[in-house]
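Quick note on labels: first sequence line is chain A, next is B, and so on, each numbered from 1.
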There are 2 protein chains.
Amino acid sequence: MDNLLSNLKIKVSDGLFQIDPFTSKLGKSIIFHSVEMITELGFEKFTFKKLGESIGSPEASIYRYFKSKNQLLCYLISWYWGWMECRLILEIANISSPIVRLEKSIALVLSNTNENLLIEEVEVYKLHQITISESIKTYLNKDVDNSNKEGAFLNYKQFVERVSKIINEINPDYKFPQMLLTTIFEGAHLQVFFGEHLPRLTNKQNAPDYITKFYINLALQSINS
Amino acid sequence: MDNLLSNLKIKVSDGLFQIDPFTSKLGKSIIFHSVEMITELGFEKFTFKKLGESIGSPEASIYRYFKSKNQLLCYLISWYWGWMECRLILEIANISSPIVRLEKSIALVLSNTNENLLIEEVEVYKLHQITISESIKTYLNKDVDNSNKEGAFLNYKQFVERVSKIINEINPDYKFPQMLLTTIFEGAHLQVFFGEHLPRLTNKQNAPDYITKFYINLALQSINS
DNA sequence: GCAAATATAATAGTATTACTATCATTTTGA
DNA sequence: TCAAAATGATAGTAATACTATTATATTTGC
């Protein structure tokens, strides 16, 4: 997989940066260290000043790449869904059964790479964790309509779109594929978080992949009924 | 309903305030105006300074009631779930069928009072909107374990607990009531938000209560299978 | 009805955040 | 090699999220 993906450039909407970070050393460093730092501190306590210190560059230089820390978060999350779409395509290629393809799509959203895979300076393991706790902050705010215009959610929409087509292969009459999928994807992330911090809000099991199985069942029951 | 509820005092964990706001005029004013202001500005742009100006009291006075704007948000959201539990109890009293009780529980989470009902200085219509866009911010952060210790999520847990008991009446062997319910409650809020701002991530229908029906079906299919 | 306790107002101050601006220096690439 | 672009160094600003202090109301318990 690494080899295949190392030839890919994940497309991120150009409204999500001022200068494409992958065109320079500093840009790549911003990406690498921001993933590290947001994972460690959480988005609220993460600042460009701290980021600058850890990179060894002044704050002002970071602002040349991203106009705000919000834009940077949107960039990272968008990159994540772009990368997930790549993984999805590889994962379900040559699988004829749409049910199996759907199962694999849902499993993918909950899977994390074990090794700390580094793609385009992005530690994808950590970015997965960031997506779980921080991604909703890209849209649950009063600037959502602007972010939307800047293309912040295109990659996520495209991912959802691709999987909803699989749902309509299974049942062409199913009316709520996007609704079902965002319920599942966002719900899945939340259950991971609850499992760690608020166990009374979930049903943690020792069985591996119990969250995945739960959501696969939920999806298939809903689609086939 | 108003009459019944006007005799109730919604219980909020005392880790969520410094001074109980309902014991003074200023406290009540903080509650009333913060609901107004968070609805209007969103949580990020809401500040104690602006709140103080609109109340006509200095910032420092507000800090005597709530040690941070985060604590205030936790208070409001907790109050919301306390209030929702009261509504739930009234709503499902004397209904023998657990299926109907479950349906009503889910419908309740998506329902908003039409009139701008004022309970204990809380405009509940606006607080419902705040819950949709801001409630996850009470826990998706690095302070979650502390907030949890302070009782920030007790009312929500209790609400979920109460409804999960209904699920286990329907099917005593069902293993994932909390997981199903938080998926539904959080998902339901999200679909409302997507319907307004990111329609490609949902399936907005003209039919009234389509979100409610979707989640009721989802629940019943999952529980009965 | 009055003193004491308590709540509030008025004001000031601090460290940090989220930026913007300017100019010198280094890197790059045609 | 020379100009353009990127970066570094430095400074500055308005706002945020608080804390502290002291004076003035207001409440309350006796």
How about NZ on A:Lys142, more than 12 heavy atoms from neighbouring residues, nucleotides or ligands closer than 6.0 Å, or not?
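Correct, the count exceeds 12.
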Hey, is CD on B:Glu40 packed in by over 12 heavy atoms from elsewhere, all under 6.0 Å?
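Result for CD/B:Glu40: open.
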Selected nucleotide, minimal atom distance to [X] side chain, candidates [options]:
X       : options                : value
A:Ala60 : D:dT19, C:dC19, D:dA9  : D:dA9
B:Ser68 : D:dC18, D:dA9, C:dT8   : D:dC18
B:Ser57 : C:dA9, D:dG8, C:dC19   : C:dA9
A:Tyr65 : D:dT7, C:dT11, C:dC19  : D:dT7
A:Thr47 : D:dT16, D:dT19, C:dT17 : C:dT17

Output the rounded distance in Å from [atom1] ([X]) to [atom2] ([N]).
X       : N      : atom1 : atom2 : result
A:Lys25 : C:dT26 : NZ    : C1'   : 13 Å
A:Lys28 : D:dA6  : NZ    : C1'   : 15 Å
A:Leu51 : D:dT7  : CG    : C1'   : 15 Å
A:Gln71 : C:dA18 : CD    : C1'   : 14 Å
B:Leu26 : C:dT6  : CG    : P     : 18 Å
B:Phe46 : D:dA15 : CZ    : C1'   : 15 Å
A:Phe66 : C:dC19 : CZ    : C1'   : 16 Å
A:Asp20 : D:dA6  : CG    : P     : 12 Å

Ignoring hydrogens, what is the shortest heavy-atom contact between A:Pro177 and B:Asn203? Give both atom names and the distance.
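Looking at all heavy atoms of both residues, the closest pair is N-OD1, 3.7 Å.
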Would you tell me whether A:Tyr65 and A:Ser24 have side-chain atoms, one donor and one acceptor, within less than 3.5 Å of each other?
yes
Report yes if a side-chain nitrogen or oxygen of B:Arg64 is closer than 4.0 Å to either non-bridging phosphate oxygen (OP1 or OP2) of C:dA7; otherwise report no.
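Checking B:Arg64 against C:dA7: no side-chain N or O falls below 4.0 Å of OP1 or OP2.
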Using heavy-atom distances to pick each residue's nearest nucleotide on DNA chain C, tell me which of B:Ile19 and A:Lys49 is more 5'.
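Result: B:Ile19.
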Assign each of A:Glu44 and B:Ser24 to its nearest nucleotide of DNA chain C by heavy atoms, then name whichever residue's nucleotide is nearer the 5' end.
B:Ser24
Strictly under 6.0 Å, is that where the ring centroids of B:Phe194 and A:Tyr139 end up?
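Yes, ring centres under 6.0 Å apart.
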Checking all strands, does B:Lys50 fall into the base, sugar-phosphate, or nothing category for heavy-atom contacts under 4.0 angstrom?
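Sugar-phosphate contact only.
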Counting any heavy atom closer than 4.0 Å, what does B:Lys69 reach on the DNA or RNA strands: base, sugar-phosphate only, or nothing?
sugar-phosphate
